[in-house]
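Everything on this sheet refers to the single structure shown next.
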Amino acid sequence: MLISGIHRKSVNSARLLLWGAGWALAMAVGVAAYCVGGRIVDADARQRFDHLARSTQYAMSVRIKAYANVTRGLAALLQTNDALDRRQFQQYVAGLDLPRQFPAVVAMTWEPETGAGFVAHQGAYPPGHAGAGGVFGMGLPVYRDGMPQDDAAQRRAAYRGMAGLNFSVAKLMQIVLDETMVRDVRLDLYADGSVDPDRRRLVIEPRDRLLFSEHGAQPGAALADGDYFESVLPVDFNGALWKARFQVRKTALRNGFDVYFPLASALVGGAGTLLLYSYLAVLYLSRRRAVKHRVLLDTVLNNLDAHVYLKDQNRRYIYVNPKMAEHLGLPAAEIVGRRDRELMPEEKADAAWALERPVFADGVKRASETQFACPAGVAQYHWNVRVPVTLGRSVTAVIGVSTDVTELHQLKDRADTANRAKSDFLSNMSHEIRTPMNSIIGMAHLALKTVTHPKQRDYLQKIYHSGQHLLGIINDILDFSKIEAGKMDLEVLDFSIDMLLSNLTSQLGDVATARGLELVYEIHPDLPRQLRGDPLRLEQVLINFTSNAIKFSEQGRVHVRARLLEERDQHLIVRFEVQDRGIGMSEDEVAQLFQSFHQADTSTTRRYGGTGLGLVISQQLAELMGGRVGVESRLGEGSTFWFTARLDRPSRAMPDEGDGGDSGDGANAYDPQQAGLFESIRGASILLVEDNIFSQQVGQELLEDGGATVCVANNGKEAIDLLLKERFDCVLMDVQMPVMDGFEATRLIRAHPRLSGTLVIAMTANAGRDDQQRCMDAGMDEFVTKPVAPRLLFAVLAKWLDQRAATPEAALRPVVPPPPSFFTMADGQPTAAGAMVLQAASATEPQAVAAASLAADVPAAAPGAPTPPSALPPTALPPQAQQPPSQQSPQPPSPPPAPPAEGELFDIAALAQTFAGKPDKMRKYTQLFLDSARDTMVEIDAALAAADLARLSELGHRLKSSARAVGAMRFGNLCLALEQGRQDADTARAGALVAQMHALLLVLGPHMEQELLAYDPG
């Protein structure tokens, strides 16, 4: 402790000295910056002063020159006009606008050689100023016109008089000063008193005469040296030298920024120096810390019981710890810088590099376990972790850490052996207990089907439900380890909340009555009576809470409540609670609840019994159902146990409990046809064009159940052959088929004179709006998607059949020109298939020639391209396309295609909708689908082996419709992805999809059987 304290004091002293030197340096730099900033401010102020003085000097010179020009103008006037009288003189002066243009001018005069002169006054002479009362005059002689002026005598002879101008120096200076930006400028104006012009100096001398001063006849007192700026500048006054002295205080030329600039310079300089010093100091301290950390890291790595190394991309070792050096058999200094192949066998080095190379490639940490035999022949296990070292944007090295985990493997083997023994025991015990329980439950179920006596049925129902509950509890107890691991699976079934509470009453009602208690149920009106979830687990938790309430209550009521807490889309958060007026619990006892094999009080077990496991199981089950558990209790006043569960709305409409009775299939079946639909469909002759055998059988039985006569064609060519031989009221046309697809078949039907009015309804699994538009463009009348809902199919058929029956002329469609791709070649000659159809048409209808004549009037399309709607006559379009948008019948919205490998595994609601909720047909067609899917998967495997993506796409389309018809939505989405694989041309992706389809088909059959059993237990 003493040594540590001394070391800490020395470290603190060194730091204090280091930072003290930094602060001293920062202060010195700050003072220097302050001085430099002050000099910069003074220089800037001096520059502004010089500019101000010279601009004032210039303004004075300009005005004196202007006055001289005015004087010259007056002299010129007088020289050219010998007869100028006083009135004209006054008018001339008034025209000069002296008060506004030349405010400093006092008077303009004309003094002739003989006679009286003229004077034009502007103002009084200001008294008290130097130089004739502060007034200066300018004069120019005026000579007689035409007389010579070469010498002095001639000029005296020609002299007429003197034109003059008098101005106030004080007012002139005031005007000049008013124009300056700085009001504190002091100006003194002197006339140079030097006799010799060559010895003039711009310095105020004693012999200089004061012309103007702001302080009257005497100049102002001189300012203290250093506090002001002074400058003396010359002013030319008609060849005479005037000296203008300017003085201004330094503070008058400084703005707000100049005042704070030296201080800001000091702060910036000091702070910048301190920051730079801090950076260098931190760099120095960081370097010292890095050295210390390196020493510490080397100490740790050197004593770490693991192999640690650092290797670059060239497979050279950058660092190894002593353990790794010992493993390689060389000193660390001889290993660093050498490649791995130089230090170990090539096979071993390549095997290690194969694990390190992916880390360089993707920069992701990897961990693996290696096994090898030591020289003694004992298996050794090492756990290897390889971490990338990234400098910049690339991985430059890999750190490898290899730890010996042989002892952990030995411990794991012993634990696995013990766990297997426990699992075997639990498995045997589970089998021994569940077998008789299944017999009891099964016999009770069979007996319920034959017994009609109410009392006996009540006994059997209690036996059946108690057996179910007991079996659930046995499963929970036997699988307790599975519950703790959180691996228990939940069933998702449709159930009624009323039936759930009825089962609760059936099992606990007599017990409550025997104890003098009453079970009261309160269901909030907002909670739907039909839900989807795991009713067995819900019932188990409710039975556990309710039985505890009954057990710990002596009198009164036990309230069981259910209410809706939250609703999001199809998901509901439901709260169940059980309230009693029993013994209650203290806060300490409540805090100890929900622990395995624990009860609030040890005396409780002796008095009331129980294992203390029920609340733990209830908590686990509630959390599995997406909820929580809790309790509110007061000692002596009772308790309220509650839990929440995340449930869904039911996937199908469930019958009321009181309406179905025990009528077997009738309880789960419902009639999808509305009243009147059978009348329109019964007796109709319908041609079903479908290449999928499963879809053929489903469609045929649905239509025959509606009373229609159904004929099946496997492709478009067979459909045309049948249409030429027989008459059909409607054609249900698939789109994608071999030999001839639905688009081409429909265009041929519309082109045939006798078949053009046939009702064609598209029935396809392609549900996009573009697919619907393609069907309409091909000439189809209606569009329905697969899997087809019987109600929708019958409604569409009834609408169109009723429309055709009401307006028979609607069936007479104009003949549409046949598609060139089928009837004609590029040279106009008929194709073989076209010739066959035209020959068959000519044998039945002579009007077939009209079709050929119409074909010549329509521009030929590219081979295989559909006929554009703009090339067809208006009456050749489908009736729905001929109507304005406001009158068109609304189409059912087309759902977007589901992404691959998503969707519900088995949607029993879709299956029930397809087969009218009849359990026998639902079972029949699910088995038919599974058999058909297995056969189709054999064909898919063959096509995949041949890399035939076109065949894979065709098989995926064929299997997709069947899957969606029976509700195998996830499998159907995989088929859709396989169908769309033709565009990607990616065989690897197709192989991955086929593998998913095989794996999904293995679990789909048992899941379908389980769901169908829950749908119809009989």
Side-chain angles (χ1 to χ4, degrees), residues 688-700 712 714-715 732-739 741-742 762-768 771 784-788 895 897-908 910-911 914-915 922 924-984 986-987 989-1008:
L688 177 61
V689 187
E690 173 66 61
D691 64 321
N692 187 283
I693 298 177
F694 177 83
S695 299
Q696 289 176 358
Q697 190 168 356
V698 171
Q700 184 173 2
V712 178
N714 294 301
N715 52 60
L732 294 178
M733 182 75 72
D734 191 14
V735 172
Q736 294 186 6
M737 294 178 292
V739 183
D741 60 23
M763 190 169 65
T764 176
N766 296 332
D771 302 306
V784 294
T785 59
K786 293 189 291 187
V788 180
E902 295 182 2
E904 194 170 354
L905 179 61
F906 177 50
D907 188 357
I908 196 171
L911 179 65
T914 303
F915 299 103
M922 293 165 64
K924 171 184 174 181
Y925 282 103
T926 50
Q927 189 59 45
L928 180 62
F929 161 73
L930 292 172
D931 296 339
S932 174
R934 294 186 186 102
D935 295 339
T936 307
M937 290 304 298
V938 175
E939 299 182 48
I940 289 176
D941 291 337
L944 181 62
D948 189 352
L949 295 178
R951 178 62 175 165
L952 283 173
S953 177
E954 179 185 341
L955 293 172
H957 172 75
R958 188 174 74 184
L959 193 55
K960 174 187 66 177
S961 304
S962 307
R964 291 181 172 177
V966 298
M969 299 305 179
R970 191 179 303 174
F971 191 81
N973 291 339
L974 288 174
C975 295
L976 174 62
L978 188 64
E979 176 187 359
Q980 297 172 346
R982 184 200 302 253
Q983 305 170 358
D984 300 336
D986 189 351
T987 308
R989 180 176 180 273
L993 289 173
V994 172
Q996 293 185 50
M997 292 169 68
H998 277 293
L1000 196 59
L1001 194 59
L1002 292 176
V1003 300
L1004 189 58
H1007 186 74
M1008 282 181 165

Name the residue from E939, E979, E690, Q736 that meets the side-chain hydrogen bond (donor to acceptor under 3.5 Å, both in side chains) definition with R958. E939
Beyond-backbone contact of L1000 with L905, side-chain heavy atoms, under 4.5 angstrom: yes
Measuring only between side-chain heavy atoms, which start at C-beta, is L974 closer than 4.5 Å to L993? yes
Under 4.5 Å between any side-chain heavy atoms of V966 and L911, yes or no? yes
In terms of heavy-atom contacts, Q697 and Y925 come closest through O-OH, 3.4 Å
T936 (side chain) donor-acceptor with S932 (main chain) under 3.5 angstrom: yes
Please check if the side chain of S953 supplies one atom and the backbone of L949 the other of a donor-acceptor pair under 3.5 Å. no
Heavy-atom side-chain proximity of L1001 to M997 below 4.5 angstrom: no
Between the side chains of N714 and Q696, is a donor N or O closer than 3.5 angstrom to an acceptor N or O? yes
Of L976, L955, N973, N692, the residue whose pairing with K960 passes side chain to side chain contact (heavy atoms under 4.5 Å, CB included): L976
Would you name the heavy atoms of G742 and M737 that are closest together and state the gap between them? N-CE, 3.7 Å
Looking at every non-hydrogen atom in both residues, tell me the closest pair between A968 and M1008 and how far apart they are. CB-CE, 3.9 Å
Can you tell me how far apart CG (L732) and CD (Q700) are? Round to the nearest 0.5 Å. 12.0 Å
For residues I908 and M922, determine if any side-chain heavy atom of one lies less than 4.5 Å from a side-chain heavy atom of the other. yes
Roughly how far, to the nearest 0.5 Å, is CG of L959 from CG of L978? 9.0 Å
Can you give me the closest heavy-atom contact between G956 and C975, atom names plus distance? O-CB, 3.4 Å
Around atom CD1 of I693, are there more than 12 heavy atoms from other residues, nucleotides or ligands closer than 6.0 Å? no
Is the shortest heavy-atom distance from the side chain of D741 to the side chain of V735 under 4.5 Å? no
Do the side chains of R964 and M969 get nearer than 4.5 Å, heavy atoms only? yes
Please find the pair of heavy atoms, one from L952 and one from A990, that lie closest to each other, and give the distance. CD1-CB, 4.1 Å
4.5 Å side-chain heavy-atom contact, F929 and L1004: yes
